[in-house]
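To keep things clear, I will list the structure first and then write my remarks on it.
Every number for a ligand or one of its atoms is a count from 1 in the order of the listing.
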Amino acid sequence: MKFTYYGHACFAIEVAGKHLLFDPFITGNPLVKGFDINTIKADYILQSHGHGDHIADLIPIAKNTGATVIGVAEVIGWVMKQGHDKVHPMNYGAFDFEFGNVRMVPAAHSSGLPDGSYGGNPGGFVITTAEGVFYYSGDTCLSMEMQLIPRYAAGLKFAILPVGGNYTMNPDDALIATEFIKCDKVVGVHFNTWPPITIDEVHAKRIFEAAGKELILPEIGQTIEL
Ligand code: NI
Ligand code: MN
């Protein structure tokens with residue numbers, strides 16, 4: 001699977017010939033300069049929750065690409081109100097899409113939409129495809145709920161976890177999460193965008209290495225085969 005990082009918690013996964021985009025927030029990212037969001041390809045956009053630092057560029061990208069937006073029902077209701085009706089509302093549960101099975105799982109966080117309306121519950125996604133299984137936790141603290149993930153889908157190939165702290169897990173928490181989810185390869189996101197989530201990358205990588213695990217801290221714009 002091909003992973004491309006667009007900064008903060010926005011990334012794309014290419015799997016089964018489809019482009020899956022997650023949590024589109026690019027133009028407001030102080031670390032991103034002069035990127036044209038119209039160049040992004042997306043067949044599906046998976047939305048973990050309604051916070052601005054995850055959803056700010058959703059509507060223009062969804063309209064431009066004609067992508068199907070997947071998320072919790074309340075977020076999808078807001079998307080439809082913005083004039084995009086190619087959507088798939090869900091809640092904590094699983095559904096088979098053409099590229100694989102998507103299970104929306106709980107995230108211990110909050111949610112709300114840019115207009116102040118109710119955003120429903122925040123979530124993460126366990127995605128099972130013919131090319132392997134991966135987990136994107138969305139914004140969350142370390143949670144005992146994560147221990148259920150290997151019961152849903154054993155043998156995660158990799159996990160995409162927030163590591164910036166303050167609003168979410170920090171690298172030490174994410175390392176504990178790897179035990180809960182039984183996965184040794186983590187791509188860290190949601191770090192360094194603003195001062196409260198600036199991390200010590202050397203420390204973060206060292207604690208993972210010491211535990212025999214891998215922490216990838218991608219550069220914005222980088223594409224990695226996972
Ligand atoms: Ni959030
Ligand atoms: Mn966030």
Parallel, tilted or perpendicular: which one describes the rings of Phe158 and Phe134, with boundaries at 30° and 60°? parallel
Suppose we only allow N, O or S atoms; which atom of His190 ends up nearest to the Mn ion (ligand 2)? NE2
Relative to each other, are the rings of His190 and His54 parallel, tilted or perpendicular (30° and 60° limits)? parallel
Using 2.8 Å as the threshold, say whether any N, O or S atom from Asp53 sits that close to the Ni ion (ligand 1). no
For the residue pair Phe95 and Phe97, does the interplanar ring angle fall in the parallel (under 30°), tilted (30 to 60°) or perpendicular (over 60°) class? perpendicular
Taking the ring centre of each residue, are Tyr135 and Phe125 less than 6.0 Å apart? no
With the Mn ion (ligand 2) as the point of reference, which N/O/S atom of His54 is the closest? NE2
Rounded to the nearest 10 degrees, what's the angle ND1 of His51 makes with NE2 of His109 at the Ni ion (ligand 1)? Could you check? 90°
Angle subtended at the Mn ion (ligand 2) by OD2 of Asp139 and OD2 of Asp53, nearest 10°: 170°
If the plane angle is over 60° it's perpendicular, under 30° parallel, otherwise tilted; pick one for His51 and His49. perpendicular
Looking only at N, O or S atoms, find the one in Asp139 nearest to the Ni ion (ligand 1) and name it. OD2
